[in-house]
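The block underneath contains the structure these notes are about, expressed in structure tokens.
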Amino acid sequence: MTNAVQAYSYAGLSTLSEGHLGLSTSGGRTATGFLDHPRFFSGLLTQAAPAAAGLLAVADVALARYHRPQPGFTRDPVVTCGGDRLRFESFSACGGVYSRLDVLGPGLDGEVFDRGTTNVDVNNPLREALARVGGRDPLHLGVGPDELTVTTLDGAVVEKKVPLPSRWLRGFAEVQVIAAGFDLRAELAGPQAVRFLRGLPKRAAAEVWAIPAGKELRLSERSAPGGVHLAGVGRLATLMPLLRFVKVLRVYGPSDGSGSSAWEVELPGMRYTLALSPQTWRGFSGEGAVLDDLSGDQVADDADLVGVLLNFEPTLELGLLAERSGLPLDRVRAALTQLGTAGRVGYDLAEAAHFHRELPYDRDHVATLNPRLTSARTLVDRGAVRPTGPDSAEVTTDGGVREVRLQAGSCTCPWWYDHRGSRGPCKHVLAARIAARELPSPETTSVSRSPQVQEAAPAPQSLRTQETASATQSPQTQEASQ
């Protein structure tokens, strides 16, 4: 897939000097419109040391590549001002770790000038300065250039251009859908949290399960009821500098104890959250959690309607959005998924609520970020789907006829046999579900195949063999083809 290129244009370098942390901003959308260098906040960080450590942790994730590490990634974190809080977000270069620092009302004391989202410059001298912040003294924070800076600078003086892989952009959509399905699995007080995190295996690639045991978490090499999967313990490394500030550790995961997980530490006046993909080599971009919602024929129009109701609120109430939009809750959820794919919605586990942000990236190629959905629509348009019952269909492809169960999401293709639904529906299931909404039921049509499907007869054995061989492809290659 082709990469987008993000051009950061800053009015100056971010600096930390004499108790003043000035974060330089690049172009982004605000409540008052698009601004080249938005100014969101000026005031005090009432807890300087944990705030500096948390911001550095977010920046460290943006630079990291946990699967096959290599240097050279310089993406800058994203900041959203929601009026009563600042949210700093980033994704690892490999797309498998998402981080967010929420600086909440108790951690801020100052003036909000605007609400919106932008990138912030985190350069190497700033990183070194953040690492030296300590003690209990407050730290003055400015997000965006102040009036003096605006009047003395003649245009942008700092520019960066970095590639943004499609899988990195798609991760922002997938992680909020996956996190919305998590349950709170464990909550540990500060001392127990520190003991658990320091007791993790030293080998970064180790794979374990964290099992609740009273007020503690114990480690196991196999899954157990109520446990949380942790693949690649080294991906929790950015939590370690925060241990001296931790008040509570909360662990979230799916009810079956498999797949992704989220690790949230409560700090004085703020929260730091890490979400981890199921395996170190698997980015969130390939999980397919958004595909069913995006396949709806009304979702784009619904997203346009819901989108105009968003105003950078720190939490989005689904019931209120449903009332204002006149849509049922299930369509509001699907609309939020579409908005999430465009980078406009995130999910806060602590508050069990979505929040509004506007990623400062090109959002005009949503469909190209989901090749399985594009392939599914092509199959439907080609007439390759034939309903065979209220919950079944046949999908004719170059590799032969695939038998699909709609509700279970099962298929006879190699993708389904490899992943069993753990990475979202395959293109054949998606095509059958789309067709089920658009085509007449089998009871009202002839059981014979349509002319289009007759023309698309099963391919010769050599092509079937070729598709079966795709089961041996790498996960990345399968994602692009399936």
Checklist entry - Does Ser261 reach the main-chain N or O of His229 with its side chain, forming a donor-acceptor pair under 3.5 Å? => result yes
Checklist entry - Which distance, rounded to the nearest 0.5 Å, do you find between the CD of Glu187 and the OH of Tyr252? => result 7.5 Å
Item to check | Distance in Å, Ser260 OG paired with Ile178 CD1, rounded so as to fall on 0.5 Å steps | outcome: 4.5 Å
Checklist entry - Taking all atoms of both residues into account, what is the closest heavy-atom pair of Val429 and Cys411, and its distance? => result CG2-CB, 4.0 Å
Next on the checklist: How long is the straight-line distance from CG of Leu86 back to CE of Met270, given to the nearest 0.5 Å?
Outcome noted: 10.0 Å
Item to check | Arg324 atom CZ: more than 12 heavy-atom contacts under 6.0 Å | outcome: no
Next on the checklist: Within the 4.5 Å heavy-atom criterion, are Cys81 and Val143 side-chain neighbours or not?
Outcome noted: no
Next on the checklist: On the six-membered ring of Tyr66, is Arg235 placed so that its NZ or CZ lies under 6.0 angstrom from the centre and within 45° of the ring axis?
Outcome noted: no
Next on the checklist: Would Leu318 and His354 count as a side-chain contact (heavy atoms from CB on, under 4.5 Å) here? Give the steps.
Outcome noted: CA-CA 9 Å; Leu318 267 65; His354 293 83; 3.9 Å; yes
Item to check | Ile434 CD1 to Leu430 CG distance, which is reported to the nearest 0.5 Å | outcome: 6.0 Å
Checklist entry - Going by heavy atoms in the side chains, are Phe196 and Leu219 under 4.5 Å from each other? => result yes
Checklist entry - If only atom types and distance count, is the side chain of Thr117 paired as donor or acceptor with the main-chain N or O of Glu358 below 3.5 Å? => result yes
Next on the checklist: Test your reading of the model: is there a side-chain donor-acceptor pair from Thr46 to the backbone of Pro106, 3.5 Å cut-off?
Outcome noted: yes
Next on the checklist: If you define the side chain from C-beta out and look only at heavy atoms, does anything of Leu45 sit under 4.5 Å from Leu108?
Outcome noted: yes
Item to check | Arg87 side chain vs Pro314 backbone, donor-acceptor pair below 3.5 Å | outcome: yes
Item to check | Donor-acceptor pair, side chain of Arg357 and main chain of Val345, under 3.5 angstrom | outcome: yes
Checklist entry - Between Pro225 and Ile211, what is the shortest heavy-atom contact and its length? => result O-CG2, 4.5 Å
Next on the checklist: Could you check whether any side-chain N or O of Asp348 sits under 3.5 Å from a backbone N or O of Ala350, counting only pairs where one atom can act as donor and the other as acceptor?
Outcome noted: yes
Checklist outcome for this item: On a heavy-atom basis, the closest approach of Leu101 and Gly54 is CD2-C, 3.6 Å
Checklist entry - Given side chains that start at C-beta, do those of Leu21 and Leu23 come closer than 4.5 Å, heavy atoms only? => result yes
Next on the checklist: Does the plane of the ring in Phe91 sit parallel, tilted or perpendicular to the ring in Tyr98? Use 30° and 60° as the thresholds.
Outcome noted: tilted
Item to check | Working for side-chain contact (heavy atoms from CB on, under 4.5 Å), residues Val175 and Tyr347 | outcome: CA-CA 8 Å; Val175 75; Tyr347 189 80; over 6 Å; no
Checklist entry - When rounded to the nearest 0.5 angstrom, what distance separates CG in Leu188 from CD in Glu266? => result 13.0 Å
Checklist entry - With distance as the sole test, does Ser90 use its side chain to make a donor-acceptor pair with the main-chain N or O of Ala59 at under 3.5 Å? => result no
Checklist entry - Under 3.5 Å, side chain of Ser14 to main-chain N/O of Ser24, donor-acceptor pair present? => result yes
Checklist entry - salt bridge (Lys or Arg N to Asp or Glu O under 4.0 Å) with Asp121: which of Arg75, Lys160, Arg127? => result Lys160
Checklist entry - Does Leu276 reach the side chain of Leu236, with side-chain heavy atoms less than 4.5 Å apart? => result yes
Checklist outcome for this item: Heavy atoms of Gly307 and Arg344 approach each other most closely as O-NH2, 3.3 Å
Checklist entry - Backbone N or O of Gly214 within a donor-acceptor pair of the Glu216 side chain at under 3.5 Å? => result no
Checklist entry - Between Glu89 and Arg100, is there a salt bridge with N-O shorter than 4.0 Å? => result no
Checklist entry - Is any side-chain heavy atom of Arg271 closer than 4.5 Å to a side-chain heavy atom of Leu104? => result yes
Item to check | Heavy-atom check, side chain of Asp114 versus side chain of Leu35, under 4.5 Å | outcome: yes
Checklist entry - Going through the distances and angles, do Leu243 and Arg198 end up as a side-chain contact (heavy atoms from CB on, under 4.5 Å)? => result CA-CA 9 Å; Leu243 291 186; Arg198 285 181 175 166; 3.7 Å; yes
Checklist outcome for this item: Closest non-hydrogen atoms of Trp415 and Cys426, given as atom of the first, atom of the second and distance, are CD1-CB, 3.3 Å
Checklist entry - With a 4.5 Å limit on heavy-atom distance, are the side chains of Leu339 and Leu310 in contact? => result yes
Item to check | Heavy-atom closest contact (Ala353 atom, Thr315 atom, distance) | outcome: CB-CB, 4.0 Å
Next on the checklist: If you apply the rule side-chain contact (heavy atoms from CB on, under 4.5 Å), what do you find for Val228 with Leu230, and how did you get there?
Outcome noted: CA-CA 6 Å; Val228 175; Leu230 173 54; 5.9 Å; no
Next on the checklist: Do Thr238 and Tyr272 pair up side chain to side chain, a donor and an acceptor below 3.5 Å, judged on atom types alone?
Outcome noted: yes
Item to check | Side-chain (Arg185) to main-chain (Pro212) donor-acceptor, under 3.5 angstrom | outcome: no
Next on the checklist: Looking at Glu323, I'd like to know if its CD atom is crowded, meaning that more than 12 non-hydrogen atoms belonging to other residues, nucleotides or ligands lie closer than 6.0 Å.
Outcome noted: no
Next on the checklist: As an exercise, state the distance from OG1 of Thr30 to CZ of Arg115, rounded to the nearest 0.5 Å.
Outcome noted: 9.5 Å
